[in-house]
Amino acid sequence: EQSAGTNPTNADTAGDGLLDGSEVLVTTLLEPTALPLPTETSAVTALTWSPTLNEFVFNCCGRRFGRLSSTGDVSVFGLFDRTAGGLAFMPGPGSELYAIDREWDEETLSLSLRRIDPASGSELSAVPVTLSGFTSPLYSNDLAFHPQSGVLFSILFIEAELEADDAWNLVTLDPATGVATVVGDISEEFEEMTFDETGTLFALSDATSATPSTLFTLNTTDAQATAVLSLPNGFDYEDSRNIAFNPDDGLLYHYGGGGV
């Protein structure tokens with residue numbers, strides 16, 4: 001696990017009251033820390049911060065649901081109905097937990113957005129993810145709620161663009177209906193994303209992306225990506241590239257798998 005410090009004194013250059021990724025900050029990589037995690041957490045597919053538990057929650061090893069503290073204490077206490085590609089708590093009272101399927105269901109031929117019981121991982125409700133003018137998305141790489149506006153963002157791979165270079169898209173999702181709206185094409189292949197408390201959207205590129213293993217910011221109005229920080233070698237593991245923001249200490253955390 002690694003942490004990176006963010007400078008929350010960004011200027012709102014757009015004058016819209018929001019930091020949308022074009023108004024970026026200075027980021028510093030802190031010393032990586034090896035955590036005494038059990039082997040069952042080595043393939044984490046989704047990670048987010050719980051405002052009620054004051055810990056990270058994660059999906060690992062297919063469908064297992066667990067908690068992880070910033071110091072490495074871990075417990076697995078539930079099962080998801082399907083492997084989650086992303087987890088996110090809705091801002092505000094109640095802090096509802098949402099999950100999006102990592103891959104589409106071969107029976108329904110769709111991804112689903114699911115409302116989850118944070119105590120057990122069980123499904124409370126589900127809606128299919130749809131996008132007007134396109135067939136169903138094939139994959140999802142994370143969810144993130146904007147901390148001020150409450151808008152839900154995701155990264156989707158759209159089947160209709162299988163032969164295109166810009167098959168990955170930043171989208172917004174309606175939590176009630178699952179309807180997706182494209183914000184813009186993404187130039188890199190991003191595995192995970194998270195908002196910090198100021199509303200800056202961070203995303204982590206895949207090891208095989210054009211700019212590999214790099215932390216970016218994403219503009220939430222046009223999906224423009226800006227490189228912020230390259231991660232060192234040795235902290236990028238297959239199916240275990242996750243970032244999440246901890247508002248208690250103001251740090252971004254990167255889980256790289258393999259107990260690190």
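The structure presented is a predicted model; accordingly, all values stated were derived computationally and were not measured.
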Output yes when a side-chain donor or acceptor of [X] lies under 3.5 Å from a complementary backbone atom of [Y], and no otherwise.
X: Asn169; Y: Ile155; value: no
X: Asp142; Y: Met193; value: yes
X: Asp101; Y: Ser112; value: yes
X: Ser205; Y: Ser213; value: yes

Apply side-chain contact (heavy atoms from CB on, under 4.5 Å) to Leu156 and Ile100, showing your working. CA-CA 10 Å; Leu156 298 182; Ile100 192 168; 4.1 Å; yes
At their closest point, which heavy atom of [X] faces which heavy atom of [Y], and how far apart are they?
X: Asn242; Y: Ala46; value: OD1-N, 3.5 Å
X: Ala203; Y: Leu218; value: CB-CD1, 3.9 Å
X: Phe145; Y: Ala88; value: CD1-CB, 3.7 Å

Side-chain contact test, heavy atoms from C-beta onward, threshold under 4.5 Å: evaluate it for [X] versus [Y] and give yes or no.
X: Thr211; Y: Phe216; value: yes
X: Leu143; Y: Tyr98; value: yes
X: Leu53; Y: Arg67; value: yes
X: Asp248; Y: Trp49; value: yes
X: Glu197; Y: Pro147; value: no
X: Thr172; Y: Val183; value: yes
X: Glu55; Y: Ser69; value: yes
X: Leu113; Y: Leu152; value: yes

Could you give the distance from [atom1] ([X]) to [atom2] ([Y]), rounded to the nearest 0.5 Å?
X: Thr48; Y: Phe245; atom1: OG1; atom2: CZ; answer: 11.5 Å
X: Leu201; Y: Thr194; atom1: CG; atom2: OG1; answer: 8.0 Å
X: Tyr253; Y: Phe56; atom1: OH; atom2: CZ; answer: 6.0 Å
X: Thr214; Y: Glu188; atom1: OG1; atom2: CD; answer: 7.5 Å
X: Leu215; Y: Phe190; atom1: CG; atom2: CZ; answer: 9.0 Å
X: Phe65; Y: Ser122; atom1: CZ; atom2: OG; answer: 9.5 Å

Walk me through it: do Ser154 and Ser140 pass the test side chain to side chain donor-acceptor pair (under 3.5 Å)? CA-CA 7 Å; Ser154 184; Ser140 171; 3.3 Å; yes
Intermediate values then yes/no, side-chain contact (heavy atoms from CB on, under 4.5 Å), Val127 and Thr177: CA-CA 6 Å; Val127 290; Thr177 65; 5.9 Å; no
Connected via hydrophobic side-chain network under 4.5 Å: Leu170 and Val179: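 Different clusters.
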For this output row, return yes or no: ring centroids of Phe153 and Phe195 closer than 6.0 angstrom.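 Here the rings of Phe195 and Phe153 have centres that are less than 6.0 Å from each other.
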Could you work out, with side-chain contact (heavy atoms from CB on, under 4.5 Å) as the rule, every residue matching Glu189, not counting sequence neighbours?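 Glu189: side-chain contact (heavy atoms from CB on, under 4.5 Å) contacts with Trp168, Glu191, Asp206, Thr208, Ser209.
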Begin with the C-alpha distance, continue with both residues' side-chain angles, and end with the deciding distance and a verdict on side-chain contact (heavy atoms from CB on, under 4.5 Å) for Leu204 and His254. CA-CA 9 Å; Leu204 180 64; His254 167 231; 3.6 Å; yes
